[in-house]
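Here's the structure, in structure tokens; my notes come after.
Residue numbers begin at 1 in each chain, while the letters A, B, ... track the order of the sequences.
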There are 2 protein chains.
Amino acid sequence: MSRKRWRAVKEIRIADVARLAGVSTATVSRVLSDPDKVRPKTHDLVMEAVRRSGYIPNSTAQKLRTRRTMNVLVVAPRLTNPVFAEILRGVDDELTESSYGIIIGNLDNRREREARYVDLALSRQVDGVLLLTGYVPANGTRSMSGSGLPIVAMCAAIQDQKIPNVVVQDREASSRAVAFLSDLGHRKFGYISGTPSSIIEVERFQGFLDGIAAAGLSDNDFMRWEGPFVFSTGVAAAESFLRMKERPTGIFAACDESAIGIIKRVRAERIRVPQDVSVIGFDGIEFADYTEPTLTTFRQPLYELGRVGADVLLKLIRGEMKAEDWNIRLPLTLLERDTTGPVLHKDYKSLRRSAL
Amino acid sequence: MSRKRWRAVKEIRIADVARLAGVSTATVSRVLSDPDKVRPKTHDLVMEAVRRSGYIPNSTAQKLRTRRTMNVLVVAPRLTNPVFAEILRGVDDELTESSYGIIIGNLDNRREREARYVDLALSRQVDGVLLLTGYVPANGTRSMSGSGLPIVAMCAAIQDQKIPNVVVQDREASSRAVAFLSDLGHRKFGYISGTPSSIIEVERFQGFLDGIAAAGLSDNDFMRWEGPFVFSTGVAAAESFLRMKERPTGIFAACDESAIGIIKRVRAERIRVPQDVSVIGFDGIEFADYTEPTLTTFRQPLYELGRVGADVLLKLIRGEMKAEDWNIRLPLTLLERDTTGPVLHKDYKSLRRSAL
DNA sequence: GTGAAAGCGCTAACAG
DNA sequence: CTGTTAGCGCTTTCAC
């Protein structure tokens with residue numbers, strides 16, 4: 001009886017199952033990993049023993065022996081950002097289907113947290129790394145690339161022969177945003193940036209500049225407000241906007257949050273959107289469909305991005321492809337909603353006056 | 001030269017460091033885990049060898065040997081929900097400080113995904129489990145509690161002697177919400193539920209009922225709309241609301257998303273918030289401060305909840321406490337903003353008329 | 001204060 | 001088809 005007690009407490013090992021089934025540990029192992037290599041009769045015998053004992057293999061031992069962890073590290077700048085959360089969903093679904101686990105490296109916008117995840121990669125706790133950061137995390141002396149582990153860059157591209165990129169066409173879309181506003185008659189623009197050091201920001205701003213040039217405009221035709229990818233950046237931009245005499249009529253925000261922030265703030269001052277100012281966002285977060293007015297923005301294929309990125313990484317891990325082969329750029333979709341409209345002509349009042 | 005090449009590719013093991021330092025592997029191990037047990041001279045010798053070789057211990061081998069994984073599993077219903085994301089931040093910060101890693105079990109609202117995480121716990125890949133689910137995940141025959149691992153329930157309580165709860169005072173706050181509206185003169189209520197099967201929903205609705213009773217009202221004085229914790233539930237509730245002849249004047253939504261959803265929809269029909277209907281949300285997501293009007297809601301101490309929950313789990317893992325000792329309930333804060341106001345008296349029009 | 005040696009629990013040659 | 005055996009890389013008694 002005291003033995004039975006022990007059972008409940010002590011972990012069941014493969015040797016226990018082997019004894020119970022009257023076979024060797026090797027056979028048990030085979031049944032569990034490659035059933036076809038074993039006679040059906042033995043198979044059933046073993047499975048019965050597994051069931052009766054409630055045996056579950058110790059995965060740490062498996063990992064040590066096989067040198068595969070079946071885990072992937074995903075490094076993200078900030079988890080509370082819905083953009084990353086959605087990408088993560090795609091990643092998770094793809095990895096789960098191949099029974100890979102996911103270890104989350106949340107930097108929470110603090111670079112000092114990188115060290116921990118560099119060590120994680122270097123100490124072989126994962127089989128591959130997904131980077132949503134736009135750069136390869138480093139720990140003073142050591143960089144994550146030193147691990148020799150397969151790495152895939154998502155979200156923001158990384159210039160490195162060894163690292164395939166799976167990104168969205170930020171630059172093209174940003175350029176299209178300007179064209180869209182320009183087609184509505186806007187000639188004076190505002191640009192609300194994201195975190196200036198972020199590669200995503202750099203790409204989007206570059207696209208914005210491309211658009212400005214394509215519209216036949218110059219540096220003098222727009223205003224740039226800086227700040228991180230958050231609501232309050234838009235609010236701060238609004239304060240500046242409100243103080244201006246010659247206000248832009250078309251505003252491009254590098255993320256939906258800051259677009260929402262500026263709209264909220266200027267509306268409080270009785271400035272009408274889109275009549276007085278048009279605003280276009282970027283990302284297509286779910287919330288953008290619940291603002292007032294609903295936000296015109298570019299939808300990123302985030303979930304798909306997650307799936308594709310994870311798929312590329314798995315292929316890399318399995319040796320099914322070489323890193324050089326892949327640079328995927330997914331297109332964005334313009335969601336034309338209610339914060340953008342034709343420019344109200346500058347000389348509106350004087351026109352009216354002269355018409356009298 | 002070909003040897004040097006090898007170096008870069010082949011993993012450095014503890015034996016390599018030992019050889020380099022001219023000591024045994026045991027000594028290297030001691031230096032790394034408990035430096036005081038070693039002569040300073042030896043210590044420096046070893047550290048130098050570690051530095052020169054770039055050695056990082058293989059954590060899988062450590063885990064197998066020490067039987068501690070230094071990982072915690074966090075099971076959450078859905079990662080894209082900002083509430084869980086914020087709790088996770090707290091959890092992550094707390095665990096990181098104790099150099100524990102975090103494995104995320106994202107159910108993505110699909111119960112069939114539980115199985116995977118049950119196995120994860122049973123196969124000893126983690127030292128403890130944090131449950132944001134309100135129930136103990138199970139896999140047909142096996143439940144996660146069978147692992148004997150320390151478990152802490154957060155967000156939603158779990159009735160189990162072995163599982164400490166770290167939750168917020170949902171029920172009390174829901175009750176207060178009704179009192180708040182009642183004090184503003186509202187006597188006819190609407191309740192927008194969350195996922196009906198969720199324990200959080202059950203608690204909040206119970207609190208709502210408490211409040212109704214405390215206000216001297218009955219089942220006839222409110223309307224209940226059901227749906228999951230998402231925007232569209234609020235939109236659906238709005239459709240029903242719009243069809244009613246005798247509309248509620250005070251609406252309590254079990255989450256901010258559905259509050260935002262209903263406000264958005266009814267405003268589109270020229271119904272004024274809060275003049276025609278007051279709406280109070282629940283959770284205090286960041287976004288609630290950027291809606292129009294800004295949403296009155298209860299702020300959950302989410303980050304703190306995460307930290308406290310993780311702390312309790314770590315104490316449990318270290319054997320510093322027993323499960324029975326802990327049931328923590330954190331208070332919520334009412335954020336009184338612009339979607340709530342005094343009821344406009346029913347006989348408003350007739351009053352005006354008689355005043356003429 | 002340090003080294004030798006015995007495993008942690010599992011898988012994968014290698015024989016048979 | 002199945003069993004024997006040798007480790008995966010590390011920590012930790014137990015001697016010295």
Original post:
CG of A:L45 versus P of D:dG3: gap in Å, rounded?
Top reply: 10 Å

Subject >> Pairwise 5' ranking along DNA chain D for B:L32 and A:P40, keeping only the more 5' one >> reply: A:P40

Subject >> For A:Q62, side-chain contact (heavy atoms from CB on, under 4.5 Å) partners two or more places apart >> reply: A:P57, A:S59

Subject >> Residues in contact with DNA chain D, drawn from residues 56-66 of chain A - heavy-atom cutoff 4.0 Å >> reply: A:L64, A:R65

**OP:** Specify the separation, in whole Å, of atom NZ of A:K37 and atom P of D:dG3.
**Re:** 15 Å

Original post:
Between B:T42 and C:dT2, is there a side-chain N or O to OP1/OP2 distance below 4.0 Å?
Top reply: yes

**OP:** Name all residues meeting the side-chain contact (heavy atoms from CB on, under 4.5 Å) criterion together with A:A153; count only those two or more places apart in sequence or in a different chain, and write none if there are none.
**Re:** A:I158, A:I163, A:N165

Original post:
Does a side chain donor of either B:R318 or B:S98 reach within less than 3.5 Å of an acceptor in the other side chain?
Top reply: yes

Original post:
Atom CD1 of B:I12 and atom C1' of D:dC8: how far apart are they, to the nearest Å?
Top reply: 17 Å

Donor-acceptor list for residues 25-32 of chain B side chains, cut-off 3.5 Å, not counting sequence neighbours:
| from | atom 1 | to | atom 2 | distance (Å) |
| --- | --- | --- | --- | --- |
| B:T27 | OG1 | B:S24 | OG | 3.3 |

Considering only distance and modelled atom types, tabulate donor-acceptor pairs under 3.5 Å from the side chains of residues 126-152 of chain A, sequence neighbours left out.
| from | atom 1 | to | atom 2 | distance (Å) |
| --- | --- | --- | --- | --- |
| A:D127 | OD1 | A:T69 | N | 2.9 |
| A:D127 | OD1 | A:T69 | OG1 | 2.9 |
| A:D127 | OD2 | A:T69 | N | 3.2 |
| A:D127 | OD2 | A:M70 | N | 2.8 |
| A:T133 | OG1 | A:Y135 | N | 3.4 |
| A:T133 | OG1 | A:Y135 | O | 2.7 |
| A:Y135 | OH | A:E114 | OE2 | 2.9 |
| A:N139 | ND2 | A:D119 | OD1 | 3.4 |
| A:S143 | OG | A:S145 | N | 3.0 |
| A:S143 | OG | A:S145 | OG | 2.6 |
| A:S147 | OG | A:M144 | O | 2.8 |
| A:S147 | OG | A:L149 | N | 3.1 |

Subject >> Gap between atoms CD and P, on A:E11 and C:dG7 respectively (whole Å) >> reply: 20 Å

Subject >> Any side-chain heavy-atom pair of B:I104 and A:L88 under 4.5 Å >> reply: no

Subject >> Sub-4.0 Å heavy-atom contacts from residues 23-31 of chain B onto DNA chain C, ordered by number >> reply: B:V23, B:S24, B:A26, B:T27, B:R30

Subject >> Non-neighbouring partners of B:E304 that pass side-chain hydrogen bond (donor to acceptor under 3.5 Å, both in side chains), sequence neighbours left out >> reply: none

Original post:
How many Å lie between CE on A:M70 and P on C:dC10, as a whole number?
Top reply: 17 Å

**OP:** Rounded to the nearest angstrom, tell me the gap between atom CG in A:D44 and atom C1' in D:dC1.
**Re:** 15 Å

Subject >> Any residue meeting side-chain hydrogen bond (donor to acceptor under 3.5 Å, both in side chains) with B:N81, in chain and number order, not counting sequence neighbours >> reply: none

Original post:
In whole angstrom, what separates B:H43's NE2 from C:dT2's P?
Top reply: 11 Å

**OP:** Not counting sequence neighbours, which residues clear side-chain contact (heavy atoms from CB on, under 4.5 Å) with B:R89? List them please.
**Re:** A:R78, A:T80, A:N106, A:D108, B:E86, B:Y303

Original post:
To the nearest Å, how far apart are A:R68 CZ and C:dA12 C1'?
Top reply: 12 Å

